[in-house]
There are 2 protein chains.
Amino acid sequence: MDLIFKALADATRREMLDRLLDQPGLTLGELIAGTEMRRQSASKHVQILEAANLVVTEWQGREKKHFLNPVPIQEITRRWVDKYSETRAEAVLNLRQVLEVRSST
Amino acid sequence: MDLIFKALADATRREMLDRLLDQPGLTLGELIAGTEMRRQSASKHVQILEAANLVVTEWQGREKKHFLNPVPIQEITRRWVDKYSETRAEAVLNLRQVLEVRSST
DNA sequence: TAAACATGCAGTTTTTTAACTGCATGTCAA
DNA sequence: TTGACATGCAGTTAAAAAACTGCATGTTTA
């Protein structure tokens with residue numbers, strides 16, 4: 001779980017995921033096309049995304065194709081985000097408490 | 001959006017959110033109780049959580065009560081996670097492509 | 001087979017983040 | 001009003017992450 005959050009913390013990596021969502025199978029060279037980034041930096045970002053299982057790859061000859069894997073993101077939703085969403089009503093109550101305290105002082 | 005992801009990237013901060021989910025209104029001192037962390041470190045973590053709007057606070061005399069705000073997390077789900085979840089079927093197709101290529105080589 | 005290509009890996013520098021030290025401010029309670 | 005308490009803020013140090021440099025490996029194609 002920590003690897004996923006860490007991987008998603010970087011805007012560059014989130015943009016990479018976005019591009020792979022639109023264009024599955026991009027190579028490393030295609031991923032950095034139009035950016036200022038060096039190939040080596042992008043490569044390390046990809047490694048981090050792979051370690052988090054957010055990206056899976058397939059070698060085709062000398063090219064490495066990259067694909068988005070949405071499963072870990074769904075896992076975050078299921079195991080983590082939902083926990084907070086379910087307590088929305090409760091949380092609103094908490095915030096109301098806050099406001100009550102505020103208005104009474 | 002970046003502030004939220006960055007804030008969630010740190011395990012210590014995610015634990016803080018968990019504690020505030022269970023026990024709304026904890027003070028800073030109560031938050032660090034039972035941990036090795038110094039008060040000042042925790043204070044910076046709280047600042048980061050506040051900047052991301054994941055935590056709201058209310059002063060009560062000399063005590064500062066902390067409350068979880070689930071809205072940014074729900075926003076991530078709505079504006080970001082959903083985008084990837086909706087493409088689940090598509091993504092499975094992509095992965096199938098990968099496997100086909102793999103088995104044919 | 002040799003040149004161009006696509007990528008990987010190791011090592012260094014730079015930047016960012018986290019933790020700590022020390023002092024300041026405001027609140028409560030005797 | 002004074003001492004203990006709860007927290008804030010500025011500055012330093014330590015650790016982690018990101019970007020870059022240079023070289024190596026395997027693949028395609030002329």
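The figures that follow rest on heavy atoms only: side chains count, while hydrogens, waters and symmetry mates do not. Residue numbers start from 1 in every chain, and the chains themselves are labelled A, B, ... in the order their sequence lines are given, proteins ahead of strands.
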Once you round it to whole Å, what is the distance between P of dG26(C) and CG of L28(B)?
18 Å

H45(A) NE2 to dT15(C) C1', in whole Å, measures 13 Å

Hey, are the side chains of [X] and [Y] touching, using non-hydrogen atoms and a 4.5 Å cut-off?
X: L8(B); Y: L8(A); result: no
X: D18(A); Y: Y84(B); result: yes
X: Q23(B); Y: E30(B); result: no
X: T77(B); Y: D82(A); result: no

Do any N or O atoms from the side chain of H66(A) and from the backbone of L26(A) form a donor-acceptor pair under 3.5 angstrom?
yes

Given 3.5 Å as the limit, does a donor-acceptor pair link the side chain of E63(B) with the main chain of Q60(B), or not?
no

Residues of residues 30-40 of chain A with any non-hydrogen atom less than 4.0 angstrom from an atom of DNA chain C: list those, numerically ordered, please.
R39(A), Q40(A)

Contact list please: residues 3-10 of chain B against DNA chain C, heavy atoms, distance less than 4.0 Å, in numerical order.
K6(B), D10(B)

Could you give the distance from [atom1] ([X]) to [atom2] ([Y]), rounded to the nearest 0.5 Å?
X: M16(A); Y: I32(A); atom1: CE; atom2: CD1; answer: 8.0 Å
X: R14(A); Y: F5(B); atom1: CZ; atom2: CZ; answer: 5.0 Å
X: N69(B); Y: Q74(B); atom1: CG; atom2: CD; answer: 8.0 Å
X: W59(B); Y: T27(B); atom1: CH2; atom2: OG1; answer: 10.0 Å

Rounded to 10°, the helix from dT1(C)-dA30(D) to dA30(C)-dT1(D) deviates from straight, judged by its five-pair end axes, by 30°

Classify T12(A) by what it touches in the nucleic acid, base, sugar-phosphate, or nothing, heavy-atom distance under 4.0 Å.
nothing

Return all side-chain donor-acceptor pairs below 3.5 angstrom for residues 36-50 of chain B, not counting sequence neighbours, or 'none' if the list is empty.
residue: H45(B); atom: ND1; partner: R13(B); partner atom: NH1; Å: 3.0
residue: E50(B); atom: OE2; partner: K64(B); partner atom: NZ; Å: 3.0

Extract, from 5' to 3' on DNA chain D, the first and final nucleotides lying under 4.0 angstrom from some heavy atom of chain A.
dA17(D) to dT28(D)

If you compare every side-chain N and O of R62(B) against the phosphate oxygens of dA29(C) (OP1, OP2), does one of them come in below 4.0 Å?
no

The test is side chain to side chain contact (heavy atoms under 4.5 Å, CB included); show your working for V81(A) and I76(B) and say whether it passes.
CA-CA 9 Å; V81(A) 175; I76(B) 282 187; 5.6 Å; no

Going by modelled atom types, is there a donor-acceptor pair between the base of dG26(C) and the side chain of K64(B) at under 3.5 Å?
no

DNA chain D: 5'-proximal contact among H66(B) and K44(A) (nearest heavy atom):
H66(B)

Which residues pass the side-chain hydrogen bond (donor to acceptor under 3.5 Å, both in side chains) test with R19(A), sequence neighbours left out?
none

